[in-house]
Every structure is written in C-alpha cells, then in structure tokens.
Student: 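The following block contains the structure, expressed as structure tokens.
Atoms considered below: every heavy atom in the structure, side chains included; atoms not considered: hydrogens, waters and symmetry mates.
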Amino acid sequence: MSNPQNHVFILMGVSGSGKSAVASAVAHDVNAAMLDGDYLHPRANINKMAAGHALDDNDRAPWLAALNDAIFAMQRTNGVSLLVCSALKKSYRDRLREGNSNLHFIYLKGDKAVIEERLKQRKGHFFKPQMLVSQFATLEEPGSQEPDVQAIDINQPLDGVVADTVAYIQRVAAR
C-alpha cells in the first residue's frame, strides 16, 4: 500500500528542458528522493537512442511499466519523491498514474529555440539534437483535462525554475 501522506512528482518535458538539472536541485532543496527514469530504460532502448533513432510506443511499454513500479515503491517510503521522465504523451502519463495515488506532474515547458540551444551545449548524453523534432511531434501538452499537471516556464534562469518547482511541491505537500 502507498502512504497517503507521501507524494511523487514527475518532472516531465522534452529532452533538453532541464528535467535532470531541476530535479537534482529540487531534491537537494526539499530533501526528496530522486530517480532519473532514463536509468530504467532497457538496454535496447538506450542502444536505439544512441544510434539516433526515436523510440516508439512498443519500445516505451516495458520502460513505462518499470517506472510505474518505481513510483509505487517510492511513494511507500518517501515523503517527497522526484522522478525524471519525459512523459510526452497523455497515454504515457495515464500509464504512470495507474495504481499510484498522490502522483503529480511538473511540466517543464519551453519553446523549441531555447531547448535546441541547450541540447547543442550538452556533452556525453545519448540524446541527439536532431531528435528534438520528433520529441515535439510526440509531445501532447497537458491541458485542463489533466489537473494533476503543473506547467513551469523554463524560459528563465535555472534558479527561477527550481524556485517555482519547489514552491509548487511545497503547496501540494501542505494540503
């Protein structure tokens, strides 16, 4: 059983939106457990992305199942947990919600030009900048039909994104 006082926050968005950097800073600020969902990708997915190919829904299915289980485990034992996961499609977010109460999404929202510039400056990550086009094509932006999603504007310095994210987490945890 999950603990109803515990909350899991998924930091979602396209690659380059700052999910890992924001999650790391927020985890430190609020003393939260953190897991980068990329660590749960099967080897075949990592190899496919490293070769410059986008994942399809079939590739993502076992990954989403592993993430769903990780959310369940994190919520049982941690007051606040953060999970980094692109969660680009509503169907992916719905899969992550299954059986997981007190799950919230933080959508790191930014325009393509800002994200493209960030990707060009990355070193040592398996994501290729040309895949950004496919990420934006896949993205189904959360709307009012998903009240558990909070958008955070990333077109500001990292400190501002972190502060906005921490403020949201603190509001939710205080309810």
Student: Please report the shortest heavy-atom distance between Cys85 and Leu67, naming the atom on each side.
Tutor: SG-CD1, 3.6 Å
Student: Does Leu96 reach the side chain of Ile10, with side-chain heavy atoms less than 4.5 Å apart?
Tutor: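 Counting from C-beta outward, Leu96 and Ile10 do come under 4.5 Å.
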Student: Drop me the distance from His104's NE2 to Leu82's CG, to the nearest 0.5 angstrom.
Tutor: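 Those atoms lie 11.0 Å apart.
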Student: Under the criterion side chain to side chain contact (heavy atoms under 4.5 Å, CB included), I'd like the reasoning laid out for Ile115 against Phe136: C-alpha separation, chi angles, the key distance, then a yes or no.
Tutor: CA-CA 11 Å; Ile115 294 169; Phe136 271 98; 3.8 Å; yes
Student: Looking only at non-hydrogen atoms, find the nearest pair between Gly110 and Ile154 and report the distance.
Tutor: CA-CG1, 3.4 Å
Student: Would Val14 and Leu88 count as a side chain to side chain contact (heavy atoms under 4.5 Å, CB included) if you check the C-alpha gap in whole Å, the side-chain angles of each, and the deciding distance to 0.1 Å?
Tutor: CA-CA 7 Å; Val14 298; Leu88 297 178; 3.9 Å; yes
Student: Go through Met49 and Leu55 one step at a time and tell me if the side chain to side chain contact (heavy atoms under 4.5 Å, CB included) criterion holds.
Tutor: CA-CA 7 Å; Met49 288 184 284; Leu55 301 179; 3.9 Å; yes
Student: Could you go through the side chain to side chain contact (heavy atoms under 4.5 Å, CB included) check for Asp38 and Val84 one step at a time?
Tutor: CA-CA 8 Å; Asp38 283 349; Val84 174; over 6 Å; no
Student: State, to 0.1 Å, how close Asp59 and Pro62 come at their nearest heavy-atom pair, and which atoms those are.
Tutor: O-CD, 3.5 Å
Student: Do Glu98 and Leu64 have side chains that approach each other closer than 4.5 Å (heavy atoms only, starting at C-beta)?
Tutor: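 No - every pair of side-chain heavy atoms lies 4.5 Å or more apart.
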Student: Rounded to the nearest 0.5 Å, how far apart are NZ of Lys19 and OG of Ser24?
Tutor: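 Between Lys19 NZ and Ser24 OG, I get 14.0 Å after rounding to 0.5 Å.
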Student: Can you give me the closest heavy-atom contact between Ser15 and Gln135, atom names plus distance?
Tutor: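 Heavy atoms of Ser15 and Gln135 come nearest at N-OE1, 2.7 Å.
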Student: Would you check if the side chain of Gln75 reaches a backbone N or O of Leu103 as a donor-acceptor pair within less than 3.5 Å?
Tutor: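 No; zero donor-acceptor contacts below 3.5 Å.
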Student: Taking all heavy atoms of Gly99 and all of Phe72, pick out the closest pair and write down the distance.
Tutor: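 Smallest heavy-atom distance, with atoms named: O-CD1, 4.3 Å.
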Student: Under the side-chain hydrogen bond (donor to acceptor under 3.5 Å, both in side chains) definition, can you give me all pairs with a residue in residues 83-94, not counting sequence neighbours?
Tutor: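 Sorted pair list: Asp57-Lys89, Asp57-Tyr92, Arg60-Tyr92, Lys90-Asp94, Arg93-Glu146, Asp94-Arg97.
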Student: Verify the cluster assignment for Leu139 and Val114: are they in a single hydrophobic cluster under the rule of side-chain heavy atoms below 4.5 Å apart?
Tutor: no
Student: Drop me the distance from Tyr107's OH to Asp153's CG, to the nearest 0.5 angstrom.
Tutor: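 Answer rounded to 0.5 Å: 10.5 Å.
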Student: Report the distance from atom CD1 of Ile152 to atom NZ of Lys109, rounding to the nearest 0.5 Å.
Tutor: 11.5 Å
Student: Measure the CG-CD distance between Leu108 and Gln150 for me, rounded to the nearest 0.5 Å.
Tutor: 11.0 Å
Student: Compare every heavy atom of Leu11 with every heavy atom of Ala23, then report the nearest pair and how far apart it is.
Tutor: N-CD2, 3.8 Å
Student: Could you tabulate the donor-acceptor pairs under 3.5 Å formed by side-chain atoms of residues 158-175, not counting sequence neighbours?
Tutor:
| residue | atom | partner | partner atom | Å |
| --- | --- | --- | --- | --- |
| Asp164 | OD2 | Gln156 | NE2 | 2.9 |
| Thr165 | OG1 | Val161 | O | 2.8 |

Student: What distance do Leu83 atom CG and Leu40 atom CG have between them, rounded to the nearest 0.5 Å?
Tutor: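 Leu83 atom CG to Leu40 atom CG measures 7.5 Å (nearest 0.5 Å).
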